[in-house]
Amino acid sequence: MKNASTSVAITLKQVQKTFSDGTLALKPLDLHIEQGEILVLLGPSGCGKTTTLRLIAGLEFCDQGGQILFGERDVTQIAIEQRRVGMVFQSYALFPNMDVSENIAYGLRVRGENKATQQKKVNEMLELFDLQPYAQRAIDQLSGGQRQRVALARAIITEPEVLLLDEPLSALDALLKKRLRTDINALLKRLGITAVYVTHDQEEAMAMGDRIAILDHGEIAQIGTAEEIYLSPNSEFVANFIGQMNHFDGLLQGQALSFGKQFLPLSPSLYQSCSGGKRLRCMARPEDVCLMAFDEATVKGAVSHSVFLGDRTRVLVEVEGLQEPVHVDCFERKRYTIGDRVGLMIPPSRLVLLPNSGME
Amino acid sequence: MKKGVFFYLQLAFTLLICAFLIVPVFMSITAGLTNNYFVGIKSGLTFRWVEQVWDMYSNTIWLTMKIALVTTLVNLCVGVPCAYYLARTRSKLSAFLDECLTLPIAIPGMAIALGLISVYGGITEFRMSWSFILVGHVIFTLPFMVKSVLAVLQSINFRVLEEGAASLGASFWQRFFHVIVPNCKTGIVSGILMTLTLSAGEFNLTWMLHTPLTKTLPVGLADSYASMRLEVSSAYTLIFLGMILPLLIAAQFLNRRPKRSA
């Protein structure tokens with residue numbers, strides 16, 4: 001089965017959504033998703049990610065003035081049944097009155113495909129998703145993972161132009177989730193299908209997407225690859241939403257940031273971009289902070305908490321002059337106890353300074 | 001585990017209540033099958049009274065069946081879409097419709113009949129035909145069909161099922177007949193059984209609406225109790241029970257079956 005030929009790019013132009021009660025769910029949005037690209041919509045509850053997906057699907061219609069294009073085809077006013085989309089729902093939406101094969105075949109059945117074609121394609125899907133032993137099973141006799149695979153098979157059997165996935169793994173346990181997201185990613189890449197994937201799980205977003213769009217209060221806060229978003233967040237919201245971030249608020253003094261009696265050395269690009277005496281907020285990821293000998297460090301503190309997480313130890317260090325403890329990931333197997341006096345070292349190149357982060 | 005005195009007291013009380021309800025039915029059945037009820041079983045068993053009832057009242061039995069079946073058909077065609085609309089729409093109109101649908105359960109059948117007679121009684125053809133009774137039965141039984149289907153619709157996530165079908169290219173009618181109706185099957189079958197049972201046994205409303213030519217079984221039964229031998233009326237009851245009991249048992253069986261989740 002090949003989808004690359006049927007798959008198309010998706011373009012949203014000034015797409016806005018206001019609900020009937022007047023709530024603005026989505027501010028005017030411009031978005032282009034390349035043919036064969038997997039875009040993940042990520043954000044907290046109520047940020048507009050599911051609304052965006054439902055607008056692309058045709059389950060909701062955008063406000064006047066917006067436009068949605070599948071390739072060159074304007075689908076803005078077209079209902080979902082004519083949009084040629086495949087959709088996987090959070091609750092899978094499998095039909096309890098049909099068995100696995102009938103569920104998978106349904107899209108072909110309503111399109112009027114003959115029985116032989118239906119059977120041939122269903123068999124292909126059953127094989128692709130390792131579902132042959134369950135072909136005649138009722139839906140309520142399947143496990144969560146099997147239902148998820150049936151839902152995906154049902155969505156792609158019709159070779160849709162775009163595939164839309166609404167938190168498809170949220171109902172599964174953590175281990176199965178990890179395995180399935182790898183499988184789904186590999187499958188989507190193999191099929192070359194344009195996909196929009198909604199999730200609130202940042203790890204899932206990073207594992208699945210070619211690009212991630214982070215939504216906040218009905219607008220895109222940042223869009224980019226996982227690396228771009230993780231390493232160069234453009235706002236406090238994005239920095240805090242993706243992974244853990246340490247904040248260092250202080251004054252720029254010479255080539256360092258000072259807070260209390262501590263000095264955090266900055267890279268030339270950072271201190272040259274700002275004027276001296278200016279208040280700044282620098283940020284660093286826990287894995288970019290290292291613990292070192294207390295006496296040799298320019299930033300010092302005391303361990304307030306330590307948790308062994310298997311591959312690393314997460315240590316929280318209280319630093320004088322900072323409001324929040326600094327989160328540090330230590331990868332060497334060393335034990336820390338509460339009250340240990342430690343020094344902190346952050347390579348200047350790993351410090352992140354947000355655009356317009358001056359706090360004057 | 002040894003059962004205590006309290007258990008046996010409860011059992012005895014339950015059996016007593018059952019006997020209180022079942023004995024009159026049993027007596028009625030035996031009355032319909034004995035030569036002379038006042039002499040008792042020793043007068044001998046016979047189907048004579050049943051045959052007599054069949055000769056005299058078979059037309060009421062056929063009419064009852066016809067009205068019950070057509071009522072069910074109308075309820076299916078009107079009740080299922082109506083339940084679907086009520087489940088889908090949350091507006092003042094749908095709330096008002098829901099209330100209107102429930103009213104016939106609360107209003108006495110005679111009042112409904114009086115309403116029908118005072119408004120449509122002047123249309124002689126309609127007033128004289130069995131369809132006049134049919135209208136009354138539809139008004140009385142429709143809420144049971146709607147509520148039964150509505151309960152199932154509200155227990156399954158039918159909107160998502162519909163959206164799933166739509167995403168696969170199904171039109172409105174395909175979604176309705178392929179997904180909504182089959183997944184409401186338990187509600188629909190339960191509604192059908194209730195409609196059949198209620199329509200076949202309805203007396204109050206039918207008694208007001210009937211004409212000498214449009215007598216149904218319960219009206220005929222009342223007539224026979226008033227004017228015939230007790231054995232004949234009892235035989236009539238026997239036929240009525242034979243019609244209604246399988247439906248009641250089927251309804252009970254259906255309600256006991258666990259429902260499949262969406």
Side-chain angles (χ1 to χ4, degrees), chain A residues 20-21 50 53-54 56-60 78-99 102-113 118 138-142 147 150-168, chain B residues 76 80-81 83-95 148-192 254-262:
Chain A
S20 53
D21 63 357
T50 297
L53 190 85
R54 290 174 69 84
I56 298 172
L59 289 168
E60 307 271 359
I78 293 178
I80 182 170
E81 54 264 37
Q82 269 113 41
R83 283 205 186 182
R84 298 201 284 273
V85 296
M87 194 156 178
V88 179
F89 294 81
Q90 193 172 2
S91 60
Y92 313 132
L94 297 174
F95 310 130
N97 58 311
M98 300 178 199
D99 66 21
E102 288 166 339
N103 262 281
I104 296 175
Y106 188 72
L108 302 174
R109 178 182 156 196
V110 295
R111 279 170 170 76
E113 293 276 7
Q118 282 184 35
I139 296 306
D140 56 5
Q141 290 172 338
L142 299 179
R147 286 180 198 206
V150 176
L152 197 55
R154 189 182 70 170
I156 64 171
I157 195 168
T158 54
E159 302 188 16
E161 291 185 352
V162 299
L163 183 65
L164 308 168
L165 304 105
D166 186 9
E167 307 210 28
Chain B
L76 266 179
V80 178
Y84 173 69
Y85 168 78
L86 290 176
R88 254 185 92 91
T89 324
R90 279 189 205 130
S91 65
K92 283 181 181 166
L93 177 70
S94 67
S148 175
V149 177
L150 194 58
V152 176
L153 276 174
Q154 283 165 346
S155 72
I156 60 171
N157 202 349
F158 78 96
R159 280 168 185 273
V160 179
L161 292 180
E162 257 202 296
E163 288 180 352
S167 74
L168 294 163
S171 66
F172 172 79
W173 292 110
Q174 284 173 323
R175 297 196 298 263
F176 187 74
F177 285 111
H178 295 166
V179 178
I180 299 296
V181 170
N183 285 302
C184 288
K185 203 169 72 186
T186 50
I188 293 171
V189 175
S190 159
I192 288 174
L254 197 81
N255 286 337
R256 238 181 265 170
R257 274 180 56 196
K259 288 179 177 95
R260 275 162 67 172
S261 58

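Keep in mind that what you see is a predicted model, and the values were worked out from it rather than measured.
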Please report the closest heavy-atom contact between [X] and [Y], naming both atoms and the distance.
X        : Y        : result
A/Met98  : B/His178 : CE-O, 3.8 Å
A/Ser91  : B/Val160 : OG-CG1, 3.5 Å
A/Tyr106 : B/Ala165 : CE2-CB, 3.9 Å
B/Glu163 : A/Leu59  : CG-CD2, 3.5 Å
B/Gly164 : A/Ala93  : CA-CB, 4.3 Å

query = Considering only heavy atoms, which portion of A/Arg154 lies under 4.5 Å from any heavy atom of chain B: side chain, backbone, both, or neither?
reply =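 For A/Arg154, backbone and side chain are both near chain B.
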request  = Only one of B/Leu161, B/Asn183, B/Ile180 passes side-chain contact (heavy atoms from CB on, under 4.5 Å) with A/Asn97; say which it is.
outcome  =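 With A/Asn97 as partner, side-chain contact (heavy atoms from CB on, under 4.5 Å) holds for just one option, B/Asn183.
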Interface residue of largest heavy-atom contact number with chain A, from B/Lys185, B/Glu162, B/Arg175, under 4.5 Å =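 Answer, by heavy-atom pair count under 4.5 Å with chain A: B/Arg175.
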key: Heavy-atom side-chain proximity of B/Asn157 to A/Phe89 below 4.5 angstrom   =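 A side-chain contact under 4.5 Å is absent here.
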task = Taking the side chain as every heavy atom from C-beta outward, state whether B/Gln174 and A/Glu81 have any pair of such atoms under 4.5 Å apart.
result =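 With C-beta onward as the side chain, the pair stays apart.
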